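As structure tokens, the structure follows; a few thoughts come after it.
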Amino acid sequence: MTELFETGDINARSAYIEKSFSRLNEMQKSAVTATEGPLLILAGAGTGKTTVLINRIAMLLLCGGAGMRVEPWQIIAITFTNKAAGELKTRLEALLGASAAGIWAHTFHSACVRILRRDADRLGYGKNFTIYDAEDSRSAVKKILKSTDTDETVFPPKSVLSEISRAKDSFLPAAEYLERAEQTGDIRKIRTGEIYKEYSELLKEANAMDFDDLIMNAVKLLAEHEDLREYYRNKFKYVLVDEYQDTNKLQYLLACELAGGHGNICVVGDDDQSIYKFRGAVVENILNFENEFKNARVIKLEQNYRSTGKILDAANAVIGNNTSRKGKTLWTKQDPGDKIVLYTAGDENEEARFIAAKIKDAAASGGNWRDNAVLYRMNAQSNRIEYAFKQSGIPYRIIGGTRFFDRAEIKDMLSYLSVLQTPSDDLRLLRIINTPARGIGRATIEAAAEIAEERGLSLFETVKNAGEYPELKRCAEKLSRFTEMIEKLAESAKILPLDELYDELIEKTGYIAALDEKGSEENKAKAENVRELKSSMIARKIGAGDDSLAGFLDEVALYTDTDNYDRDADCAVMMTIHSAKGLEFDTVFIAGAEEGVFPGLRAVGEKDEMEEERRLCYVAMTRAMRRLFITSAERRTLFGLTTANRLSRFVEEIPDEHIEKPLLLSAKKQIYEFSPKISDKAFVRRPARSEQKKEILVFDTGDRVIHKAFGKGTIVSMTPMGGDSLIEIEFDEAGKKRLMLRAAGENMIRE
DNA sequence: CGCACCACAATTTTT
DNA sequence: TTGTGGTGCG
């Protein structure tokens, strides 16, 4: 294909462009063909952003840029998620074949790792540095707090870490941060600065970098070393950044450094989908792009290929209430489609059952489970929905929560592997030195740590020569047995393929054996996970053709669970709105549309926060292709507290012609207050809409039920009472009980 | 040394 | 309400 460039035949080339880009709309075409200079592509949700990116790269490779041939290795495309980077790579390979392999398609973090692996020694790190994840960082801070007798309640590790993170984002190293803190005289800041300094030293000694360090050090490397800066600037003629609205200051700096030579920077993003301010994302990066880069072109993609008209109009209306935005209006050639449906339930349980019932209905008429997604603001909301799904037999998956690679047993194994590479990593060593138990107790470890501290040695070195220290004499044999094992394994690491090394590791450490010893269900699952890790290694060997320990650890360190979201599994999906960004579903449920939940309590009265919540709402709505349900509850119990929340303002912002509200809240309330004798059924739990599956949603006199605590029984009577119902149940075993339905319903199902 | 119990906190989390 | 992490006891 590259011959096309060689021939220089303009007609042939434009014929190719014509053919290959015929599926693109006009705006997409101009976004693809404007290869030179700074370009901002404002791509609304579902406007074919990835397609544009792919075609743009293909265009560069096939037709060159500015009359010059472009090589794959001259292009770098940076994304945020591994998934996005992987998708880019896969699609490019499909389009361009082997030549795609040379393109740098990376996440910010993995691109930085690649840069740092090459030259980290210039910053005083070993090239085989370890990557610390959030948990590692946390234990590092905790360790420092403990060793300096700092009260954790006064300096919570979490806030210390976010302060450190913010400092790094501002490109402020510990020494400078501390200096500035001292100037202000703010004792708290000074203390934080001291912790920051110790934290940096601890990581440096362990030859480790945290997530922020990866970016900061890459920027530092380029900023401080002209030869490297020139190397990358010359190398990368074309820099592309995806999800630009989510970049933080450091990432912006990195992009600038890389694109500083040729000035061909193309950023793609949507200011309306900026939802990571709390992680340091700076919307201004995208809002000010035209000021930062002179002669920047801006192309808006507004034609949406995902959703029906009403969904888009509703989303446009909601986001239109934000002021800090460039302004876009999504449109589609598709039909207007159905109205959005609002359902206000009595409480979160009924809300969950409504969602479950709707999904069952859809499945009954031939739909796939996987076409349904339930999105919520907080993970805490997922519980009731999960319960309802279980009750209705809906197969489901929850995205988020504990990641596979965050499980204790997996982190143990990874720590072993990491220590083989970097024995001086005290933090990781501490994790495994007595896991599984090998009789190295707390006292021994503390003594060793003290010696190490005094002599400026790593823990591993100290423990290795335990015989030399009287304090460790008693345990010396156990300790050296441990270090010998590690050293032997480290030798094996040099010669064995990764998966075989792993077998040996399991064998020598006796990890699985120790789990099997107390063969509880939990331990069986853990052992299974430990074995499962091996398949990740093999998969990597086959997939990426990489069999190196270092490569595996890198990938795993930068891995997240959303990467592993399997769209083929036929399950309904539940996740937070944040996790849903970039995904699409036929039917979407947005649960918890209440003031105080969504928008969250903290955003009420805060303009910027509220705008971010509104963007979140926009993201949620634009996930839906065909059907969108928004649900709320009149009363919601969250963290043990029951509150009555008003309907979310975002729902009120949707024009009436696009949303179906079954019954006005006030009207509903009147029914409750003035006609409590509508029936002796538990009207509290009855759905407002007649099409509900009553048998799931209400209990009635005479029903057979199973109660969590009292077992099987029959409902004898039900009396409406104060917005709830008093029910009497004759239990087979436990006798007659009087219960309030709202409470009992939680623990009770139909037999 | 391991387990059990209690206190405590709780938006969101691409890496 | 739920999960997690730290402490103290057996």
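Scope of the values below: all heavy atoms of this structure, side chains included, with no hydrogens, waters or symmetry mates. Proteins get letters first, then strands, A, B, ... in listed order; numbering begins at 1 in each. Predicted model only: the values in this text are computed from it and were never measured.
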Task: No-hydrogen, no-angle side-chain donor-acceptor test under 3.5 Å, A:Asp412 and A:Tyr511 - done: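 Note: A:Asp412 and A:Tyr511 side chains meet the donor-acceptor criterion.
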Task: Carboxylate-amine/guanidinium contact A:Glu351 A:Arg635, below 4.0 Å - done: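 Between A:Arg635 and A:Glu351 there is no salt bridge, as every charged N stays at least 4.0 Å from the carboxylate O atoms.
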Task: Under-4.0 Å salt bridge between A:Glu609 and A:Lys277 - done: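 Judged by the 4.0 Å cut-off on N to carboxylate O distance, A:Glu609 and A:Lys277 do form a salt bridge.
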Spacing of [X] atom [atom1] relative to [N] atom [atom2], expressed in whole Å:
X        : N      : atom1 : atom2 : result
A:Gln381 : C:dT1  : CD    : P     : 17 Å
A:Asn383 : C:dT1  : CG    : P     : 12 Å
A:Ile445 : B:dC1  : CD1   : P     : 8 Å
A:Leu638 : B:dA9  : CG    : P     : 17 Å
A:Glu348 : C:dT2  : CD    : C1'   : 13 Å
A:Ile577 : B:dT13 : CD1   : P     : 10 Å

Open item on the list: Please report the distance separating the P of C:dT4 from the corresponding atom of B:dT13, rounded so that it comes out in whole Å.
Closed with: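 Looking at atom P only, C:dT4 and B:dT13 are 15 Å apart.
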For nucleotides 4-6 of chain C, list the nitrogen or oxygen atoms of the protein found under 3.5 Å from its nitrogen or oxygen atoms, one pair per line.
| unit_1 | atom_1 | unit_2 | atom_2 | d |
| --- | --- | --- | --- | --- |
| C:dG6 | OP1 | A:Lys142 | NZ | 2.2 |

Task: Sub-6.0 Å ring centroid separation between A:His578 and A:Tyr376 - done: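 Centroid distance A:His578-A:Tyr376: not below 6.0 Å, so no.
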TODO: For this output row, return yes or no: ring centroids of A:Phe278 and A:Tyr276 closer than 6.0 angstrom.
DONE: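 Distance test on ring centres: under 6.0 Å, yes.
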Identify the pairs formed between an N or O of the protein and an N or O of nucleotides 7-10 of chain C at a distance under 3.5 Å, and give each distance.
none

Task: Selection: residues 127-136 of chain A, any non-hydrogen atom under 4.0 Å of DNA chain B - done: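 Under 4.0 Å from DNA chain B: no residue of residues 127-136 of chain A.
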TODO: Would you verify whether the NZ or CZ of A:Lys204 falls within 45 degrees of the ring axis of A:Tyr125 while also being under 6.0 Å from that six-membered ring's centre?
DONE: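 Relative to the ring axis of A:Tyr125, which defines the angle, A:Lys204 lies inside both limits.
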Open item on the list: Tell me which one of A:Val556, A:Leu214, A:Asp213 satisfies side chain to side chain contact (heavy atoms under 4.5 Å, CB included) with A:Ile131.
Closed with: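 Filter result, single survivor: A:Leu214.
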Under 3.5 Å, N/O pairs linking protein and nucleotides 2-5 of chain B:
| unit_1 | atom_1 | unit_2 | atom_2 | d |
| --- | --- | --- | --- | --- |
| B:dC3 | OP1 | A:Lys518 | NZ | 2.0 |

Task: A:Ile445 side chain reached by A:Ile440 side chain, heavy atoms, under 4.5 Å - done: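 Yes; the side chains approach each other to less than 4.5 Å.
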Open item on the list: I want to check something: taking the side chain as every heavy atom from C-beta on, are A:Lys83 and A:Leu583 in contact at a cut-off of under 4.5 Å?
Closed with: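 Side chain of A:Lys83 against side chain of A:Leu583, heavy atoms only: contact under 4.5 Å found.
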Open item on the list: Heavy atoms only, 4.0 Å cut-off, all strands: where does A:Ile440 land among base, sugar-phosphate and nothing?
Closed with: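 A:Ile440: backbone/sugar contact only, no base atoms under 4.0 Å.
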Open item on the list: Can you pull out every salt bridge (Lys or Arg N to Asp or Glu O under 4.0 Å) where at least one residue sits in residues 588-604 of chain A? Sequence neighbours excluded, please.
Closed with: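 Found A:Glu594-A:Arg636, A:Glu595-A:Arg649.
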Expected rows: protein N/O vs nucleotides 10-12 of chain B N/O, under 3.5 Å:
| unit_1 | atom_1 | unit_2 | atom_2 | d |
| --- | --- | --- | --- | --- |
| B:dT11 | OP1 | A:Arg602 | NH1 | 3.1 |
| B:dT11 | OP1 | A:Arg602 | NH2 | 2.4 |
| B:dT12 | OP1 | A:Asn379 | N | 2.8 |
| B:dT12 | OP1 | A:Asn379 | OD1 | 3.3 |
| B:dT12 | O4' | A:Arg377 | NH2 | 3.3 |
| B:dT12 | O2 | A:Arg377 | NH2 | 2.2 |

Task: Anti/syn call for B:dT11, syn if |chi| within 90° - done: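 It is syn.
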